Amino acid sequence: MNDFRESTAATIATLPGDGVGPEVVAAARLVLQAVASRFGHTFTFREGLIGGAAIDATGDPLPNETIALCRGSDAVLLGAVGGPRWDSPTARVRPEQGLLGIRRALGLFANLRPIVPYPSLAASSPFRPAHLTGVDILVVRELTGGIYFGDKRLERSDAGEIATDVCTYTTEEIERIVRVAAELARARRRRLTSVDKANVLETSRLWRRTVTRVIAEDFSDVQLEHMLVDTCAMRLIQRPSEFDVVVTENMFGDILTDEAAVLAGSIGLLPSASLGAVAGGARRAGLYEPIHGSAPDIAGDGIANPIGAILSAAQLLRYSLALGEEARAVERAVRLTVEAGVLTRDVSSDPSCVVTTRAVTERVVSHVVAAEMVRAGELGRVRQHRDEAHSDR
Ligand code: IPM
Ligand code: MG
C-alpha cells in the first residue's frame, strides 16, 4: 500500500463522555488503530472531558481545555453525554450543554445521519424484510440553529410560570445547509426532500422559500420535494425506500432520525458526522458520534453496541481525513461482522448468541487487518508476476 499512497499523520481528539460513551469510543479507537497500521498512517489520540464527566471533574460540561483540544485536532470522536445523575430539572448545568456547546464552538452546522439497514438484521426490526429493500436514507440535519440555540426564559407571573424557547433561522443558515444536502444528493440518487412545518411556523416558511430558490438557482439537476414534518414521520415508516436525502432543521432532524433508526433495527448501529464549512485543503472540521445516547442502564456492562461509534470513525476517515478507501475498509469489516451474526444484545434475534462490545470490536478489527493480508498477498503475486515478466526479457 505504502508504495502507492502517501501516509497521513493526524491528531484525533476523543471525548468519551458519559454512560456507554467510554466503551464505544474505546472500540472505535481500536478500529482506527488497526486502520493506521494497515494503511501506514499515524493517528495520535488525545482525550478530553465533556458532559457529566466534565461537570464532575471541573463543574463545567465543556471546559475551555476541551474546546482548545478539539480546535487543535484534525477531528473529534465523541461517545455520548448525559445520565440520570445530572438530570435534575433544577440543575444549573447539564451534560447536554457540553455537546451543544462543542457543536457551536466548532461551527458544525451540518449533521449527516445515514440510515442503511443491513438485510441480515431484518429480523431485529419490526418490519417485514421486503419493506426494507432499497432503504438508503441520508438525513442532513441543521445542527447549530433553531430552537436549540434560541433564547430560553423561565418567568414567574401571578398566574404561574411561563417558559419560552425561541426558534430563529436566518437565510444564510438555511442556504448553507441546503447546499451541503444538495451536493450530497448529487452524488447519490439526486432526490432531496426538505422537511418543515410551513403551514404553522414562520421559520419554516423562510426555510421553504430559501430551499426552493437555492435548488432552482444552483441545483436544477436535483429533484426537490417539500414535505411537512408530520407527513414525513408517517412516510418514513410507510414508504422508507422512497427517500434519498432529507434536509431539515435542528429539532425535526433530532426527532426524525430516532424514528428512522427503527428501520435499521437498532439505534446502536447508526453513525453521524457533524461538519463545518470546508476551510480549504481536503480536511474539514468534524465531530463524529454515534446517534445513540449514553444508555446509563447498561453502562459499564461491556454489552453496548460499538457499531454506531465504529461507523462514525469511518465517517471521520472519509470527511475529515479524506481517507475514502480506509473508510470503506471499515464499513466492509462491519458488514462482514454483522453478516456473520457477531452481534450485541440490541440487534441479536437469538439470545443464546449474544456477544460483548469487545467481541464485536475484535471481529471488526480482524477483518480490517485480514484485508491487509489479502492485499499483501495480491501485491506479492503482482510483484512476482512483474519479476517473471522482467526475467523473460
Ligand atoms: C442527538 C441527541 C442530542 C440532540 C442531545 C443529547 C442534546 O439527542 O445528538 O440527537 O438533541 O441533538
Ligand atoms: Mg437525538
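When a ligand or atom number is given, it counts from 1 through the structure's own listing order. Residue indices begin at 1 and follow the sequence shown. Just so it is clear, the structure is predicted and the values come from calculations on it, not from any experiment.
When heavy-atom distances to ligand 1 are checked against a 4.0 Å cut-off, R141 comes that close only through its side chain, counted from C-beta outward. The proximity of R113 to ligand 1, defined as any non-hydrogen pair under 4.0 Å, is limited to the side chain. Within the 4.0 Å heavy-atom criterion, the part of R103 lying near ligand 1 is the side chain and not the backbone.
In summary, D254 places an N/O/S atom under 2.8 Å from the Mg ion (ligand 2), meeting the contact criterion.
Residue contacts with ligand 1: D254 is placed with a nitrogen or oxygen under 3.5 Å of a nitrogen or oxygen of the ligand (distance criterion only).
At the shortest separation from atom 11 (O) of ligand 1 among protein heavy atoms lies Y148 OH, 2.5 Å. Nearest to atom 7 (C) of ligand 1 among the protein's heavy atoms is E96 CG, 3.8 Å.
Using modelled atom types and a 3.5 Å distance limit, the side chains of S266 and H292 yield no donor-acceptor pair. Checked by atom type, the side-chain pair D74/S320 shows no donor-acceptor distance below 3.5 Å.
No side-chain heavy atom of T357 sits under 4.5 Å from any side-chain heavy atom of N305. Using a 4.5 Å cut-off on side-chain heavy atoms (C-beta onward), V368 and E326 make no contact.
Seen from the ring of F109, R176 counts as a face-on cation partner, given the 6.0 Å and 45° thresholds. Annotation: cation-pi geometry not satisfied between R335 and Y118 (NZ/CZ under 6.0 angstrom from ring centroid, within 45° of ring axis).
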